[in-house]
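Below is one structure, written out as structure tokens; comments come after it.
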Amino acid sequence: MGKREDLIAKYADDLKQKCGMTPDMDLLTKVTIGCGPAIYNADGATVASTQPEEVALVKNNFLIKKLGLSDGPELQEAIDAVFETYGVSERNKYRAVVYYMLTKHFGKESQYL
């Protein structure tokens with residue numbers, strides 16, 4: 001397996017073990033590819049949920065720009081819910097896993113067709 005496939009397997013394991021979800025592997029693969037080269041960078045591969053500027057990037061760059069959602073309190077509520085599901089104390093929240101859960105939350109799987 002290549003490096004990307006190894007990472008996707010790691011993300012799938014996080015979804016199963018830490019989030020209690022059975023991942024849609026096709027969607028997870030597409031979301032991971034959509035993250036681009038950030039997944040290979042230790043800092044870019046994770047979301048620092050305690051840093052407001054990082055959370056703002058998730059909201060603005062992913063939810064609004066990528067998924068085409070309108071800004072509103074429901075975006076922050078969804079981000080908070082995903083962080084809660086992933087585990088507040090979990091230090092390594094992988095970006096692809098967070099984006100996957102947000103995509104599922106808003107029913108925006110069609111963005112990855």
Side-chain angles (χ1 to χ4, degrees):
M1 283 200 311
K3 188 162 180 148
R4 183 170 66 200
E5 289 78 18
D6 291 344
L7 289 171
I8 291 169
K10 185 190 303 186
Y11 302 154
D13 189 57
D14 263 24
L15 283 163
K16 290 177 200 162
Q17 304 301 324
K18 297 176 183 173
C19 305
M21 305 170 96
T22 301
D24 171 339
M25 293 306 291
D26 187 49
L27 179 63
L28 180 59
T29 298
K30 290 175 181 177
V31 169
T32 302
I33 291 168
C35 289
I39 63 170
Y40 304 110
N41 174 298
D43 187 48
T46 58
V47 174
S49 60
T50 57
Q51 294 180 2
E53 59 277 356
E54 180 80 12
V55 175
L57 281 173
V58 170
K59 185 170 110 175
N60 295 322
N61 292 355
F62 183 70
L63 294 178
I64 295 172
K65 289 181 184 172
K66 173 66 180 167
L67 297 187
L69 299 169
S70 299
D71 195 2
E74 66 279 356
L75 299 186
Q76 187 59 51
E77 290 165 11
I79 291 169
D80 293 342
V82 163
F83 290 160
E84 185 72 32
T85 299
Y86 211 144
V88 177
S89 63
E90 180 59 43
R91 289 197 62 222
N92 291 323
K93 291 179 181 73
Y94 291 109
R95 185 170 306 279
V97 174
V98 170
Y99 286 6
Y100 172 90
M101 288 196 288
L102 288 168
T103 301
K104 294 290 267 182
H105 176 87
F106 286 107
K108 290 291 199 171
E109 294 90 341
S110 63
Q111 294 296 106
Y112 288 97
L113 291 178

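Please read all numbers here as calculations on a predicted model, not as lab measurements.
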Original post:
By salt bridge (Lys or Arg N to Asp or Glu O under 4.0 Å), which residues pair with E109, not counting sequence neighbours?
Top reply: K104
**OP:** Say whether I64 and V47 are linked into one hydrophobic cluster, either directly or through other cluster members, by side-chain heavy-atom distances under 4.5 angstrom.
**Re:** yes
**OP:** Only counting residues at least two apart or in another chain, list the ones meeting side-chain contact (heavy atoms from CB on, under 4.5 Å) with M25.
**Re:** I8, A12, P23, L28
Subject >> Beyond-backbone contact of N92 with E90, side-chain heavy atoms, under 4.5 angstrom >> reply: yes
Original post:
Any side-chain hydrogen bond (donor to acceptor under 3.5 Å, both in side chains) pairs touching residues 31-58, not counting sequence neighbours?
Top reply: S49-K93, E54-R95
**OP:** Provide the full list of salt bridge (Lys or Arg N to Asp or Glu O under 4.0 Å) pairs with a residue in residues 25-39, sequence neighbours left out, each pair given once.
**Re:** D26-K30
Original post:
Is there side-chain contact between Y94 and L7, with heavy atoms separated by less than 4.5 Å?
Top reply: no
Subject >> Pairs satisfying ring-ring contact (aromatic ring centres under 6.0 Å, His included), at least one member in residues 43-68, at least two apart >> reply: F62-Y99
Subject >> Test log, rule side-chain contact (heavy atoms from CB on, under 4.5 Å), inputs I39 and R4 >> reply: CA-CA 8 Å; I39 63 170; R4 183 170 66 200; 4.3 Å; yes
Subject >> Atom pair CG (L15) and CE (M21), whose distance is rounded to the nearest 0.5 Å >> reply: 6.0 Å
Side-chain donor-acceptor contacts of residues 66-81 below 3.5 Å, not counting sequence neighbours, with atom names and distances?
residue	atom	partner	partner atom	Å
D71	OD1	K59	NZ	3.3
Q76	NE2	D80	OD1	2.9

**OP:** Apply side-chain hydrogen bond (donor to acceptor under 3.5 Å, both in side chains) to Y11 and list each qualifying residue two or more places apart in sequence or on a separate chain.
**Re:** none
Original post:
Any side-chain heavy-atom pair from F106 and L63 closer than 4.5 angstrom?
Top reply: yes
Subject >> Heavy-atom donor-acceptor pair, N60 side chain to A56 backbone, under 3.5 Å >> reply: yes
Original post:
Who pairs with D14 by side-chain hydrogen bond (donor to acceptor under 3.5 Å, both in side chains), at least two apart in sequence or on another chain?
Top reply: K18, Y86
